[in-house]
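Take a look at the structure below.
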Amino acid sequence: PGDATLVLRLKFLNDTERVARVRPADTVGALKRAYFPGQEHQVRLIYQGQLLRDDAQSLAALHLAPNSVLHCHISPHGAAAAPAGARASADPVHAALNVGSLMLPLFVLILAMLWYFQLQYRHVFTATATTFLAGLTLLFSFMAFTMYRR
């Protein structure tokens with residue numbers, strides 16, 4: 001009875017289903033590798049509202065009944081394809097080198113400096129340069145508000 005095949009239903013977000021034939025002794029990780037080759041680290045399985053985080057956990061420990069439904073979410077991120085250990089160790093380095101998060105403060109600083117120089121050294125700025133600076137400020141403000149309003 002321990003080697004009996006168990007039929008599970010893998011249900012996706014778009015309501016499509018796949019049938020998985022597994023043994024109770026198989027692990028969650030083995031199920032991911034068998035039915036989602038190359039995407040194991042992008043797949044999240046949910047059973048009875050609980051995220052199955054431990055890939056080493058056996059399916060028998062979940063007390064799955066025949067035709068039980070496992071909800072599947074496949075993350076579209078390419079970064080999620082890295083092993084969990086490598087991802088955890090790379091996160092502080094990635095966060096430290098993430099220049100994208102510094103772009104908004106950098107642009108605000110540059111615009112503030114340009115406006116300061118425009119007010120202090122009016123004789124250097126032509127009417128065209130001042131108009132361009134005002135337009136650039138309006139464009140940047142509009143883009144910043146639309147991006148961060150989400």
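Quick note: numbers below take in every heavy atom, side chains included, and nothing from hydrogens, waters or symmetry partners.
Hydrophobic clustering of Ile, Leu, Val, Met, Phe, Trp and Tyr side chains at less than 4.5 Å, counting indirect connections, keeps Leu64 apart from Val69. Both Leu136 and Trp115 belong to a single network of hydrophobic side chains, linked directly or stepwise wherever heavy atoms of I, L, V, M, F, W or Y lie under 4.5 Å apart. In this structure, Leu139 is not a member of the same hydrophobic cluster as Phe132, with clusters built from ILVMFWY side-chain heavy atoms closer than 4.5 Å. No chain of hydrophobic side-chain contacts below 4.5 Å, direct or via other Ile, Leu, Val, Met, Phe, Trp or Tyr residues, connects Leu31 to Val19. A single hydrophobic cluster is seen to contain both Leu109 and Tyr116, as judged by linkage of ILVMFWY side chains at heavy-atom distances under 4.5 Å, directly or through other members.
Taking 4.5 Å as the limit, some side-chain heavy atom of Ile74 sits within range of a side-chain heavy atom of Phe12. Side-chain contact between Val43 and His73 is absent, with no heavy atoms from C-beta onward closer than 4.5 Å. Inter-residue side-chain proximity for Ile46 and Leu52 is flagged as unmet; no heavy-atom pair is nearer than 4.5 Å. Using a 4.5 Å cut-off on side-chain heavy atoms (C-beta onward), Leu8 and Ser68 make contact. Here the side chains of Leu111 and Leu133 are in contact, with some heavy-atom distance below 4.5 Å. Using a 4.5 Å cut-off on side-chain heavy atoms (C-beta onward), Arg44 and Leu51 make contact. Two residues are said to be in side-chain contact when any heavy atoms from C-beta on lie closer than 4.5 Å; Phe125 and Gln120 fail this criterion. Under the 4.5 Å side-chain criterion, counting only non-hydrogen atoms from C-beta, Val28 is not in contact with Asp54.
The cationic group of Arg21 does not satisfy the cation-pi geometry with Tyr35, failing either the under 6.0 Å distance to the six-membered ring centre or the 45° limit from the ring axis.
For the residue pair Leu62 and Tyr47, the shortest heavy atom distance occurs at O-CE2, 3.7 Å. Closest non-hydrogen pair, Pro24 versus Ser58, comes out as O-CB, 4.1 Å.
A distance-only check finds a donor-acceptor pair linking the side chain of Thr131 to the backbone of Ala127 [under 3.5 Å]. A side-chain donor-acceptor contact under 3.5 Å links Gln42 to the backbone of Ser75.
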### Task
Take Leu70 and Lys11, measure what side-chain contact (heavy atoms from CB on, under 4.5 Å) needs, and give me the verdict at the end.
CA-CA 6 Å; Leu70 291 177; Lys11 189 168 185 173; over 6 Å; no
### Task
Apply side-chain contact (heavy atoms from CB on, under 4.5 Å) to the pair His71 and Leu45, showing each step before the final yes or no.
CA-CA 6 Å; His71 294 273; Leu45 297 176; over 6 Å; no
### Residues Phe140, Val108; criterion side-chain contact (heavy atoms from CB on, under 4.5 Å); working and verdict
CA-CA 9 Å; Phe140 175 75; Val108 168; 3.7 Å; yes
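Side-chain contact check for Thr27 and Gln57: no donor-acceptor pair (N or O, by modelled atom type) lies under 3.5 Å.
Atom OG1 of Thr137 sits about 15.0 Å away from atom CZ of Phe142, to the nearest 0.5 Å. To the nearest 0.5 Å, the span separating SG on Cys72 from CD on Gln39 amounts to 11.0 Å.
A salt bridge does not link Arg33 to Glu40: none of the charged side-chain nitrogens sits closer than 4.0 Å to a carboxylate oxygen.
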